[in-house]
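Hydrogens, waters and symmetry mates play no part in the numbers below; they use all other heavy atoms, side chains included. So you know, we letter chains A, B, ... as the sequences are listed, proteins then strands, and number each from 1.
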Amino acid sequence: VSTRAARRILAFVGIAALVALPFVGRWLRRVPENCCALDGAQVEPIYRVRFEDADGGSQEFCCIRCAELWLERQPHAPQTIFVTDEASGEMTDAGAAYFVRSLVVTTATTGNRIHAFRNRADAERHAQVCHGTMLNANDMPFAAVRAVRAQGE
Amino acid sequence: MILNSYAVLDGFLSLIRVILGLSMCWLSVAAWRAHRAGSTPEAREKLEDQSYLLFLMAFVALGLNVLSWPVFYLLLQSYVPEWPGVMCIYGVTQIGAGSVGSSRFLPDLVRLLQGTKPLLVFTSGAWFVLYLLNRRTRTAPLTGRILLLLIVFAALSVTDAVAETAYLVIPKKEETLSVGCCTAAFDRSARGSRFLPGVLVEEQYRRWLCGAYYAVNLGVALALFACRRLRQRQDLGGWTGPLLALLALSVGISGLFLIEVAAPVLLHLPYHHCPYDLLPRVPESMAPIALFVLGAFAVGWACSAQWGGRHEETETYLPIVEFNLLGLGLFGYLTSLFLMSIELALA
C-alpha cells in the first residue's frame, strides 16, 4: 500500500470513527437513569418529589427546590404533586403536607433546606430539633399551584 | 492537596512544563539578543547552535501544553466526588469562594487556567506555523519574530504551569459550597445570559438561536472556502480582518448555543444549561467542541501566518501554508457542525 493510499485509509477510518461516536454513545446510555428532571442529580428516595400530569406523564425531582424551579417554567400546573414524608419515607399529597425550613440541607447540590412531613407532630419535632420554622400558607412550596386549585374548587 | 491519579499526572506535567518554560525563557532571550547583536558568521553560528536545543524544547513544550488542556479538565472532573455539594466541574471551580485561608485563591486560579490553556495552545500553534515557514527559507528571515513569539510562549507556559501547580498544592478539603452547584448558576433566570437580547436566550425564541448558529458557522465555512480559492490566486491581505470578525462572532454564537440549546437537549434536561455536565454525561459531545476549537484555531493560525510570515523569501511557501490551514479550519467547522447536528438529532 502506497503512503498516499495509507493516508486516505487512515483519514477514512478517522472520519468514520468520529461519525460513529454519537451512535455508540447513545447506545451505551440506552438504559435511562433515575435522576432529577431539572438538573440530572441522583434522586434520594427520602427527599423525592413527583409531579403527575393529566395525560399520565410524570417527573421526579431530587428536592423541593428543584421541583419549584421546574414549576416556575411550566405554563400549566401539574395535576398532582407528591412529596416524600421524611418520617415514614412514603409519598404524600403536597396539598396535605406540612413543610419546615430548617438548618439541615437535604440536597447539597441545590442547598435545599425545606423538609416535608405528612403529620404535623413530625414536622414540629423536626423544627424543634433542627432549629427550623414551620412554613405558613404563603411561604409553603407550590403555594401558587395550591392557590389556583383553591380558586377552581 | 487531593491526591489521585489525575493529580499525579497533572503535577508531573506541570513540573516538566515549569522546567521547560524557564529554560526556554532564558535560552530564547539569549538567542534573541544574539540575533540582534551580530551578523558576523561566528554570531550566526552561535545562534544556530543555541536554536537547535531551543526549538527541540519548544516542540516538547508544545506537545505538553496541548496535552495539559484535557488533563486539566479530567483533573477537575476527578475532584467532583470529593465534596457532597458538587455534581460537576462548575462546582469544583467554586470551591474556596468566600473563604479566608489560602483556598480563597482557588476560584481565581481556575479562572486563570481556563483562560491561559486555550491561549497557550493557540500561541504554541502560531509559533509552530511561523517556524515551519522559516525552515523553508534560505536565510531564515523570520528568526527574530519566531524568537519573540517563543519568549511569549515560554512566559505563558511558565505562568500556566505555576498556576496549575499552585492549584494542585493549595488545600481544598475543608472548603464546601454554600450556594449549591451549577443548578444555582446556570438554571436560574439570573444567569449571565440575561444580559443578552431575549430573542437569543428566551425559551420560545431558541429556534432563532439555532438558526443563528447554523447561519454563522456555515457562513464561516463558506468564507473559508472562498478564502482558500482566493489564496490560490492572490494575497489574503485585507480579508483577514473580516474573517477574524466572523470567527469571533461564530465563537460567541456557538458558545451561547452550547449553553442555551445544546446542553439541555444533549443532557435530556430541558432547563439545565450547564455545559460542564456534558463531559461526564455525554462525553462524545466533546468531539464537535474539540473540532470547533481546532477549526477556529486553524483560522487564527492562518491569519497569524499572514501577519507574521510575510517576507520575500516566504512568498512561495506562505500561500501553501495558509491554504492548508484554511482547509483545516474548514474541516473543523464542517465536521463540528455535522457531528453536533447528529448528536442533537439522536438526542
For atom [atom1] of [X], is the number of surrounding heavy atoms from other residues, nucleotides or ligands below 6.0 Å larger than 12?
{"X": "A:Arg101", "atom1": "CZ", "answer": "no"}
{"X": "B:Tyr73", "atom1": "OH", "answer": "yes"}
{"X": "A:Gln128", "atom1": "CD", "answer": "no"}
{"X": "B:Tyr213", "atom1": "OH", "answer": "yes"}

Minimum heavy-atom separation for [X] and [Y], please, with both atom names.
{"X": "A:Ala37", "Y": "B:Pro270", "answer": "O-CD, 4.3 Å"}
{"X": "A:Ala41", "Y": "B:Met87", "answer": "CB-SD, 4.0 Å"}
{"X": "B:Ile342", "Y": "A:Val19", "answer": "CD1-CG1, 4.2 Å"}

Report yes if the side chains of [X] and [Y] come closer than 4.5 Å at any heavy-atom pair, otherwise no.
{"X": "B:Phe331", "Y": "A:Ile15", "result": "yes"}
{"X": "B:Leu269", "Y": "A:Leu38", "result": "no"}
{"X": "B:Phe338", "Y": "A:Leu18", "result": "no"}

(request) Mind checking salt bridge (charged side-chain N to carboxylate O under 4.0 Å, His left out) for A:Arg50 and listing every partner two or more places apart, or none if nothing turns up? (result) A:Glu52
(message) Between A:Arg26 and B:Glu343 (side chain of the first, backbone of the second, donor and acceptor by atom type, cut-off under 3.5 Å), is there such a pair?
(response) no
(request) Measure distances from B:Leu267 to the heavy atoms of chain A and classify the residue's part below 4.5 Å as side chain, backbone, both or neither. (result) neither
(message) Looking only at the side chains, is there a donor atom on one of A:Glu72 and B:Tyr271 sitting less than 3.5 Å from an acceptor on the other?
(response) no
(message) Applying a heavy-atom distance below 4.5 Å, give me the residues of residues 286-294 of chain B that approach chain A, sorted by number.
(response) B:Ala287, B:Leu291
